[in-house]
Novice: 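The structure is given below, and queries will be raised subsequently.
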2 protein chains.
Amino acid sequence: MEANQGHLSRQSGPTDFLARLSSADARDLVAASQRKLFAKNEFIFKAGDPGRHVYFLQQGRVKICQPAQEGKDVILWFCFAGDMFGMAEVARGGGRVVHAQACEASEVLVLSQTELTDYLKTHSAAALLIMQILADRLRALGDVVVNLINDDAQTRIIKLILRLATRYGVRVDQDIHLNVQLTHQEIADMVGTTRQTVTSVLSQLQRQGLMRLENRRIRIESMELLDGMTNPT
Amino acid sequence: MEANQGHLSRQSGPTDFLARLSSADARDLVAASQRKLFAKNEFIFKAGDPGRHVYFLQQGRVKICQPAQEGKDVILWFCFAGDMFGMAEVARGGGRVVHAQACEASEVLVLSQTELTDYLKTHSAAALLIMQILADRLRALGDVVVNLINDDAQTRIIKLILRLATRYGVRVDQDIHLNVQLTHQEIADMVGTTRQTVTSVLSQLQRQGLMRLENRRIRIESMELLDGMTNPT
DNA sequence: TTCCGAATGTCGGCTGGCCGACAGACAGAG
DNA sequence: CTCTGTCTGTCGGCCAGCCGACATTCGGAA
């Protein structure tokens, strides 16, 4: 019954895997999976580990990070409650190429590769949904590539903020509140720049009155003005 | 019968979609699709077009290119005979975000989104294969991101050459022949640098005896030495 | 074979932001 | 409340490669 409690207490969002399945399909998937807890900063898996399970995040936040052979690791994305992760290596075989680390205490449903394959044989809607999610991530990474090539660091940071705000922002009065705590280093690792540059850009945006930071949470005062800064005149 | 002739005349490769399905699954897919020819430089689809078909390249070469709002378009990858493309927008819905352009006269099998959805309901092995391919592409793009952030332009160019050689190279005596004609601009658009920088790097690699160009085709004289140049001492 | 558009070779000025470093602030654990 | 590890703020030297430009070469169509 614990798995179902986790299911019921979770907030539903647009990337919420289980909520986008039919009740029967979701029930079958939950029944086939196991619930696991991870402490803050604990690795759910690391690059090099066998890729034998897929995960559905019920509560918490998980950072998906691709290490470089030499150089800076790159944060590819964060997973929030409802998100699926760990699917790519399960689908393509081979070991993990990314780390998945809990940014806060997190609860996940875990499904083994074998169980998943069996499940998908009789649940074609779920297979289509997985394809959608993989395709969404392809698009997101394609955008990251194009931005890395074409945009300066400030533009990349602003675009990241806008993306996060669009996806996870909450309107409070005139502002958009982004209730995710991100360090400057994390922002840097997402847009491929240095922590010092992020610090400098955020400081500038705050001086210009476009946003402010409260306890490492971003408060956007004008999405329109911010967006305007990403387009050349 | 023409569709089947195309099928039989194609060379089989590791990314070859149809060859990796069972005969029955492949036959059903071919039966549901239509054959189309595209002339060199013709667009199969462009960014902004509706994403209503998925394509299986039978012959030829197709460039998948993501345009930037402002700035340089980025070549995400080339598709070769056997490759599937156009799946992402079919899976996730919405219009195309990339262009697909034939680099040479090309023949494709075309399957509509509706037919694909129906097909996948009764062919779960194909759904798994599509998931694999999408996951492979995710990995490829993840690597591109990490390389853009961490590597200098020379390293990125060398890594691209090694990747292409590993995938599409043919051993001839001591050399590896890459039988794909690539302009310096195309290489630049794949690794996010300028044409001039590519010219300069390739010139240097040739002077060092690591590779040579014949009719715009790369001939690698030492994979090991090239690979050694991508790791710092 | 000829011709021409595209591709390649070359050059040097300029700059965004990396880098290493250090000091001060602060969030959160105990 | 205290303490400490992490995070943020600041600084200035340095350089990879972008950029614009122009000349030469070359592949492929006619």
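In the text below, chain A, chain B and the rest are named by the order of the sequence lines, each starting its count at 1. Basis for what follows: all heavy atoms, side chains included, without hydrogens, waters or symmetry-related copies.
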Novice: Would you say B:H184 reaches C:dT8's phosphate, i.e. side-chain N/O to OP1/OP2 under 4.0 Å?
Specialist: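 Yes, B:H184 has a side-chain N/O under 4.0 Å of OP1/OP2 on C:dT8.
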Novice: Pull out every residue in residues 189-202 of chain B that has a heavy atom closer than 4.0 Å to any atom of DNA chain C, ordered by number, or say none.
Specialist: B:R195, B:Q196, B:T199
Novice: Can you spot which of B:L148, B:D143, B:N150 makes a side-chain contact (heavy atoms from CB on, under 4.5 Å) with B:V146?
Specialist: B:N150
Novice: Assign each of B:K40 and B:Q154 to its nearest nucleotide of DNA chain D by heavy atoms, then name whichever residue's nucleotide is nearer the 5' end.
Specialist: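 It is B:Q154, whose closest nucleotide lies nearer the 5' terminus.
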Novice: Taking all non-hydrogen atoms of both residues, which atom of A:R156 and which atom of A:D151 are closest, and how far apart?
Specialist: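 So the minimum-distance heavy-atom pair works out to NH1-O, 2.9 Å.
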Novice: Could you pull out all residues at least two apart from B:H53 that satisfy side chain to side chain contact (heavy atoms under 4.5 Å, CB included)?
Specialist: B:Y55, B:V110, B:S112
Novice: Rounded to whole angstrom units, what separation is found between the CG atom of A:L182 and the C1' atom of D:dT6?
Specialist: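 Rounded to whole Å, this separation is 16 Å.
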Novice: So do A:V145 and B:Q66 actually touch side chain to side chain, heavy atoms under 4.5 Å?
Specialist: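 Side-chain contact under 4.5 Å: no.
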Novice: Taking atom C1' of D:dC19 as reference, at what distance in whole Å does atom CD of B:Q185 sit?
Specialist: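 So the two atoms are 13 Å apart, to the nearest Å.
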Novice: I want to check something: taking the side chain as every heavy atom from C-beta on, are A:E107 and A:K36 in contact at a cut-off of under 4.5 Å?
Specialist: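 The answer is no; the side chains never approach within 4.5 Å.
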Novice: Please state how far atom CD1 in B:I187 lies from atom P in C:dT8, giving the value in whole angstrom units.
Specialist: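 Taking CD1 of B:I187 and P of C:dT8, I get 8 Å after rounding.
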Novice: When the distance from CG of B:N41 to P of C:dG5 is rounded to whole Å, what number comes out?
Specialist: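 Distance, rounded to whole Å: 16 Å.
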Novice: Over how many whole Å does the gap from B:I149 atom CD1 to C:dG16 atom P extend?
Specialist: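 Spelled out: CD1 on B:I149 to P on C:dG16 is 20 Å.
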Novice: Which angle, rounded to 10°, do you find between the first-five-pair axis and the last-five-pair axis of the helix from C:dT1-D:dA30 to C:dG30-D:dC1?
Specialist: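 Computed angle between terminal axes is 70°.
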Novice: Run the ring-centre check on B:F45 versus B:H99 and record whether the distance is less than 6.0 Å.
Specialist: no
Novice: Between B:Q34 and B:L109, is there a donor-acceptor pair closer than 3.5 Å when you use the side chain of the first and the backbone of the second?
Specialist: no
Novice: Which heavy atom in A:G169 sits nearest to a heavy atom in A:I176, and how many Å separate them?
Specialist: CA-CG2, 3.8 Å
Novice: Would you tell me whether B:T197 and B:S200 have side-chain atoms, one donor and one acceptor, within less than 3.5 Å of each other?
Specialist: no
Novice: Just how far, in rounded Å, is P of C:dT8 from CG of B:L205?
Specialist: 15 Å
Novice: Nearest whole angstrom, please: distance from the P of D:dG27 to the CD of B:E186.
Specialist: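 Interatomic distance, CD of B:E186 to P of D:dG27: 15 Å.
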Novice: Can you check the A:D152 CG to D:dC19 P distance for me, whole Å?
Specialist: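 After rounding, the gap between these two atoms is 12 Å.
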